[in-house]
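First comes the structure, then the notes that go with it.
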There are 2 protein chains.
Amino acid sequence: MPGHRGASPRLAIAARPFLSGPATDGARRDLLTAQERERLAPIASLVRIERGAILFRQGAEATAIYDIAGGVLKSVTLRPDGTRAILGFFFPQDIVGLAEDGRYVSTVQAVSSAVLYRMPLPALERLLRRDSELDHQFLMKACHELRAAQLHVLTLGIARADIRLARFLDLMRQIQAPEGARLAFIDLPMSRADIGEYLGLTPETVSRVFARLQRAQIIACPDPHHVRIVDEARFHAIAQEEARPRVPPSRLSAAG
Amino acid sequence: MPGHRGASPRLAIAARPFLSGPATDGARRDLLTAQERERLAPIASLVRIERGAILFRQGAEATAIYDIAGGVLKSVTLRPDGTRAILGFFFPQDIVGLAEDGRYVSTVQAVSSAVLYRMPLPALERLLRRDSELDHQFLMKACHELRAAQLHVLTLGIARADIRLARFLDLMRQIQAPEGARLAFIDLPMSRADIGEYLGLTPETVSRVFARLQRAQIIACPDPHHVRIVDEARFHAIAQEEARPRVPPSRLSAAG
DNA sequence: CGCGCGCCTTGATCCGGGTCAAAAGGCTAG
DNA sequence: CTAGCCTTTTGACCCGGATCAAGGCGCGCG
């Protein structure tokens with residue numbers, strides 16, 4: 001497994017930020033505050049990349065961390081055999097650039113054209129050494145990233161495609177919703193192939209499940225990149241409960 | 001998704017420990033050194049738990065971090081519908097007790113009877129605040145844990161059961177091997193069901209794949225808890241390459 | 001010593017997702 | 001407007017893993 005020296009990383013751990021109880025009460029502690037962003041401004045420079053462009057490659061020397069101002073990116077990993085897997089999608093205000101041993105851990109590519117703030121590593125390191133609050137914030141992000149990966153594992157551990165897709169849609173909804181609101185409309189800037197690579201499914205299957213959920217009146221897809229949750233109850237049942245009553249393969253009307 | 005407030009954790013991030021290049025050259029930086037262990041000794045107390053016993057439960061208030069002295073544990077998560085998933089296995093010298101918002105993130109249970117050093121959180125926090133080197137070490141572990149989860153995602157993204165199992169065996173081998181040596185014998189203290197829950201497969205499938213790999217002379221299983229890699233080349237091909245030439249479903253002799 | 005209970009294995013069947021293939025829609029450039 | 005490419009959709013078929021079920025082994029306990 002790539003970039004993985006020796007027998008190492010199998011441990012659930014608690015570092016300083018994990019230890020403390022609920023910190024800044026209520027606030028979304030995994031995002032930078034406007035104030036913190038301001039403190040980063042001096043070392044940040046604006047960069048723009050086009051749809052499909054690669055921000056940096058897995059294994060390349062890590063030179064900067066990026067704060068996303070606009071657009072959507074994806075984290076891609078090549079398997080030894082050449083197939084790809086998508087580890088995650090990143091949206092505005094997310095920070096990308098995880099490195100290990102000074103090398104980027106995965107390739108990051110633009111799903112849509114994007115604008116980012118580039119923070120060179122040496123300057124950032126200096127800043128973090130002086131600003132422990134900011135440092136804490138960055139660690140918080142690492143923690144949440146870990147939790148996200150674990151949730152991803154949970155989803156992939158389930159075979160059924162409709163559950164995987166429903167969970168993915170729910171995740172996208174959570175990301176797009178301001179403060180945990182349940183939006184009915186979901187934006188999907190990524191392609192069916194991207195979704196498939198994230199969920200361990202083929203694009204064909206992704207498309208078929210979309211069609212199935214649509215026929216069953218659970219969701220509506222005006223176009224491939226927009227989804228509306230029509231039947232919240234049944235949608236939730238699929239995403240969360242993994243319940244037996246699942247979407248029939250080809251039937252149209254789901255029995256009440 | 002459990003314990004997951006709002007729209008938060010989607011970000012690849014770099015915190016202080018990630019930023020710096022190769023640190024202590026050569027040393028396994030994700031394990032505590034004897035010296036560091038010594039510094040932890042004053043606040044640690046020895047505890048012993050029996051096979052099957054639960055160390056702590058997901059969602060419970062985090063009171064301590066544990067350093068494994070002997071035995072094997074597993075990290076289990078309950079899905080909303082009651083099915084379980086295993087996020088990872090932990091071996092001696094691993095540290096368990098990841099918490100978020102002061103609550104344990106997953107349930108940890110003993111695969112075999114185990115002996116651990118218990119480090120109460122308040123004391124540990126105090127210690128880490130004074131000992132930045134130790135603190136650094138803990139963060140390193142969080143980083144590696146994240147990488148491990150990503151590798152897990154990569155494995156689960158592949159449908160084929162024999163690849164998943166081969167990767168799992170390879171991972172177990174790496175963990176048991178001292179300093180990256182390629183052992184031929186692998187210890188599997190966990191049950192077939194455990195392996196299945198880790199790989200997103202049923203116990204029956206796990207057993208069948210074991211049988212298939214054995215018939216193909218790729219591995220040998222003197223008993224269910226011990227594996228010997230017989231044909232390193234073909235084993236590696238399955239685990240790493242995801243190559244087309246895979247183990248035939250029922251054929252005995254693999255054509256040269 | 002023998003019974004019973006887990007765990008593991010093996011078998012038979014079914015079904016969902018992968019695969020191969022083709023056609024339709026949408027966007028851009030000419 | 002049209003040609004060409006890429007993405008998406010849909011279809012047909014096949015295969016591998018889930019499921020249901022039964023049988024074997026090992027170990028602890030009565």
Side-chain angles (χ1 to χ4, degrees), chain A residues 50-52 81 83 85 111-113 155-166 168 188-216 219-227 238 242 244 246-252, chain B residues 50-52 81 83 85 111-113 155-166 168 188-216 219-227 238 242 244 246-252:
Chain A
E50 295 306 314
R51 174 168 191 264
D81 74 327
T83 62
V111 167
S112 64
S113 297
T155 296
L156 293 182
I158 300 172
R160 294 243 319 277
D162 52 354
I163 296 175
R164 291 194 192 184
L165 184 61
F168 172 75
L188 297 177
M190 67 290 292
S191 70
R192 296 289 184 262
D194 283 342
I195 298 175
E197 279 173 18
Y198 180 81
L199 294 176
L201 302 170
T202 61
E204 294 97 320
T205 297
V206 173
S207 180
R208 268 186 259 270
V209 174
F210 267 117
R212 229 188 296 162
L213 292 173
Q214 218 172 169
R215 276 198 300 271
I219 65 173
C221 307
D223 73 278
H225 295 288
H226 293 91
V227 173
I238 295 174
E242 188 181 352
R244 321 294 172 260
R246 79 160 189 283
V247 189
S250 53
R251 291 279 199 71
L252 299 197
Chain B
E50 294 307 312
R51 175 169 189 263
D81 74 328
T83 62
V111 167
S112 65
S113 297
T155 296
L156 292 183
I158 300 171
R160 294 244 319 275
D162 52 353
I163 296 174
R164 292 195 191 184
L165 184 61
F168 172 75
L188 296 178
M190 67 291 292
S191 70
R192 296 286 184 262
D194 283 342
I195 298 175
E197 279 173 18
Y198 180 81
L199 294 176
L201 301 170
T202 61
E204 294 96 321
T205 297
V206 173
S207 179
R208 268 186 258 268
V209 175
F210 268 118
R212 227 188 295 162
L213 291 173
Q214 217 171 172
R215 276 197 301 269
I219 64 172
C221 307
D223 72 278
H225 295 288
H226 293 92
V227 172
I238 295 173
E242 188 182 353
R244 320 293 173 264
R246 78 159 189 282
V247 189
S250 53
R251 290 280 199 67
L252 299 198

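Note on naming: letters A, B, ... go to the chains in the order of the sequence lines (proteins, then strands), and numbering restarts at 1 for each one.
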How many Å lie between [atom1] on [X] and [atom2] on [N], as a whole number?
X: A:R208; N: C:dC15; atom1: CZ; atom2: P; result: 18 Å
X: B:D194; N: C:dC7; atom1: CG; atom2: C1'; result: 11 Å
X: A:Q214; N: D:dT10; atom1: CD; atom2: C1'; result: 14 Å
X: B:R215; N: C:dT10; atom1: CZ; atom2: P; result: 7 Å
X: B:F210; N: C:dT9; atom1: CZ; atom2: P; result: 8 Å
X: A:I163; N: C:dG17; atom1: CD1; atom2: C1'; result: 14 Å
X: B:E197; N: D:dA18; atom1: CD; atom2: P; result: 13 Å
X: A:R212; N: C:dG17; atom1: CZ; atom2: P; result: 6 Å

Quick one: is [N] close enough that its OP1 or OP2 comes under 4.0 Å of any side-chain N or O from [X]?
X: B:S207; N: C:dC8; value: no
X: B:H225; N: C:dC8; value: yes
X: B:R51; N: D:dG28; value: no
X: A:S191; N: D:dT7; value: no

_To the closest 0.5 Å, what do you measure between CD1 (A:I219) and CD1 (A:I238)?_
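With rounding to 0.5 Å, CD1 (A:I219) is 9.0 Å from CD1 (A:I238).
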_From A:D194 atom CG to A:L199 atom CG, the distance as rounded to the nearest 0.5 Å_ =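 A:D194 atom CG to A:L199 atom CG measures 11.0 Å (nearest 0.5 Å).
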Which of these nucleotides, [options], is closest to any side-chain atom of [X]?
X: B:P224; options: D:dA18, D:dT8, C:dT9; answer: C:dT9
X: A:T205; options: D:dG17, C:dG18, D:dA21; answer: C:dG18
X: B:R160; options: C:dG17, D:dG17, D:dT9; answer: D:dG17

Side-chain contact test, heavy atoms from C-beta onward, threshold under 4.5 Å: evaluate it for [X] versus [Y] and give yes or no.
X: A:R164; Y: A:D162; answer: no
X: B:F168; Y: B:L201; answer: no
X: B:F210; Y: B:R192; answer: yes

*Specify the residue among A:A161 and A:E204 whose closest nucleotide of DNA chain C lies further upstream toward the 5′ end.*
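Of the two residues, A:A161 wins.
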*Across the strands shown, which category fits A:G200 at heavy-atom distances under 4.0 angstrom: base, sugar-phosphate, nothing?*
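Since only primed, P, OP1 and OP2 atoms lie under 4.0 Å of A:G200, the category is sugar-phosphate.
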